[in-house]
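Note that these values count all heavy atoms, side chains included, but never hydrogens, waters or copies made by symmetry. First listed ligand is number 1; within each ligand, the first listed atom is number 1.
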Amino acid sequence: MKMPLLRVLDLRKYFPIKAGLFGKIVGYIKAVDGVTFEVKDGEVLSLVGESGSGKTTIAKNILLLEEPTSGQIIFGESDITKISGRKLKEYRRMVQAVFQNPFLSLDPRMRVNEILSEPLMAHMKLTRKEIEERVTRLLEIIGLDSSFMYKFPHELSGGQAQRIAIARAIALEPKLVILDEPTSALDVSVQAQILNLLSELKEKLGLSYLMITHDLSIVKYISDRTMVIYLGKIMEEGPTEKIFEEPHHPYTQILLSSVPDIYSRKSEKKTIPRGEPPSPVNPPQGCRFHTRCPSAMPLCKEKTPLETQVDEGHLVSCWLYVRK
Ligand code: SF4
């Protein structure tokens with residue numbers, strides 16, 4: 001059995017809403033509201049949901065770009081919200097990220113060899129020659145030749161720039177890479193190449209990925225497990241095959257039926273009710289999805305559904321599956 005590499009326990013991230021001259025706190029945006037999951041060693045876990053569901057906030061908390069309001073993020077043995085010094089530096093080395101727009105994440109004033117050398121110089125005691133060798137090897141691994149070494153980001157295509165961002169992410173031999181919509185800013189033809197590269201690298205380097213995306217075809221292609229999130233809470237999680245073949249949660253069913261090419265139960269066409277998801281400032285009581293759910297019952301408005309296991313490793317938060 002694969003061991004957990006990262007465990008997120010009851011994570012909450014609330015952003016204060018301030019008003020008035022003295023910035024009095026008048027409420028909170030509950031972007032992430034009690035989320036628990038783990039990423040196992042060597043697996044790809046996809047976190048999928050509409051924009052505003054809280055998936056990017058979860059990634060930012062794991063990357064320590066934002067501080068959780070409460071909860072724990074355990075990597076190996078350590079709660080990373082409590083570590084500092086050498087342990088924190090090691091964590092930053094072991095957990096890397098690739099973001100949506102490579103041109104925003106690469107320094108436009110630096111050449112490719114400087115971009116790739118920088119993390120090596122900061123984290124590893126290597127000679128100049130060893131760094132040069134590593135940079136050449138990194139370019140080889142991501143499928144670019146050494147002529148790219150002296151180019152600036154503006155001289156690269158979108159796909160080439162994303163390859164460089166991936167090379168920088170793997171330079172320090174991390175265990176976990178967070179992929180935040182890594183192909184959504186790229187042309188369709190290039191998206192497949194980047195996904196293939198990510199799959200190859202995962203096998204070759206023994207990486208784990210946490211993929212943040214709204215694109216269900218990517219989820220189906222790349223992930224071992226899938227977690228569906230709505231308004232800061234997990235609605236359903238399980239092996240990707242099971243989620244796509246037998247989605248249980250009404251929200252997952254609606255999400256999947258909106259992409260008929262990848263949904264196996266094509267006869268069950270369901271449409272998402274009109275309107276935006278409710279505001280995370282004042283999320284609905286009970287099940288957060290009840291205001292848009294075609295199967296909502298009176299109980300759904302009153303009580304938050306309990307998480308129920310419907311199959312091995314397949315969990316659903318919906319009253320329809322709670323045995324009475
Ligand atoms: Fe729909 Fe009720 Fe299930 Fe929520 S708990 S998804 S409202 S049936």
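- Set against the non-hydrogen atoms of P250, the atoms of ligand 1 under 4.0 Å away are 6 (S).
- Of all protein heavy atoms, the one closest to atom 5 (S) of ligand 1 is W319 N, 3.2 Å.
- For ligand 1, the atoms closer than 4.0 angstrom to any heavy atom of L320 are 8 (S).
- Ring pair H314/H248 is perpendicular by interplanar angle, where above 60° counts as perpendicular and below 30° as parallel.
- Heavy-atom contacts of C287 reach the following atoms of ligand 1: 4 (Fe), 5 (S), 6 (S), 7 (S) (cutoff under 4.0 Å).
- Heavy atoms of other residues, nucleotides or ligands lying less than 6.0 angstrom from OH of Y150 number 12 at most.
- The atoms of ligand 1 that sit less than 4.0 Å from any heavy atom of H249 are 6 (S).
- The cationic atom of K233 (NZ for Lys, CZ for Arg) does not lie both less than 6.0 Å from the six-membered ring centre of Y230 and within 45° of the ring axis.
- At a threshold of 2.8 Å, atom 2 (Fe) of ligand 1 has no backbone or side-chain N, O or S atom of H290 nearer than that distance.
- Of all the listed residues (C300, G286, P305), C300 holds the heavy atom that lies closest to atom 7 (S) of ligand 1.
- Under the 30°/60° scheme for interplanar angles, the aromatic rings of Y91 and F75 are found to stand perpendicular.
- Here is the list of ligand 1 atoms found below 4.0 Å of a heavy atom in C293: 1 (Fe), 6 (S), 7 (S), 8 (S).
- We find that R225 and E236 are not joined by a salt bridge, their nearest charged nitrogen and carboxylate oxygen being 4.0 Å or further apart.
- The existence of a salt bridge linking K129 and E132 is excluded, since no basic side-chain nitrogen approaches an acidic carboxylate oxygen closer than 4.0 Å.
- Applying side chain to side chain donor-acceptor pair (under 3.5 Å) to Y251 and the options R288, R292, E50 leaves one that passes, E50.
- Counting the atoms of ligand 1 from 1 in the order shown, those under 4.0 Å from a heavy atom of S295 are 8 (S).
- Of the protein's non-hydrogen atoms, the one nearest atom 3 (Fe) of ligand 1 is C318 SG, 2.3 Å.
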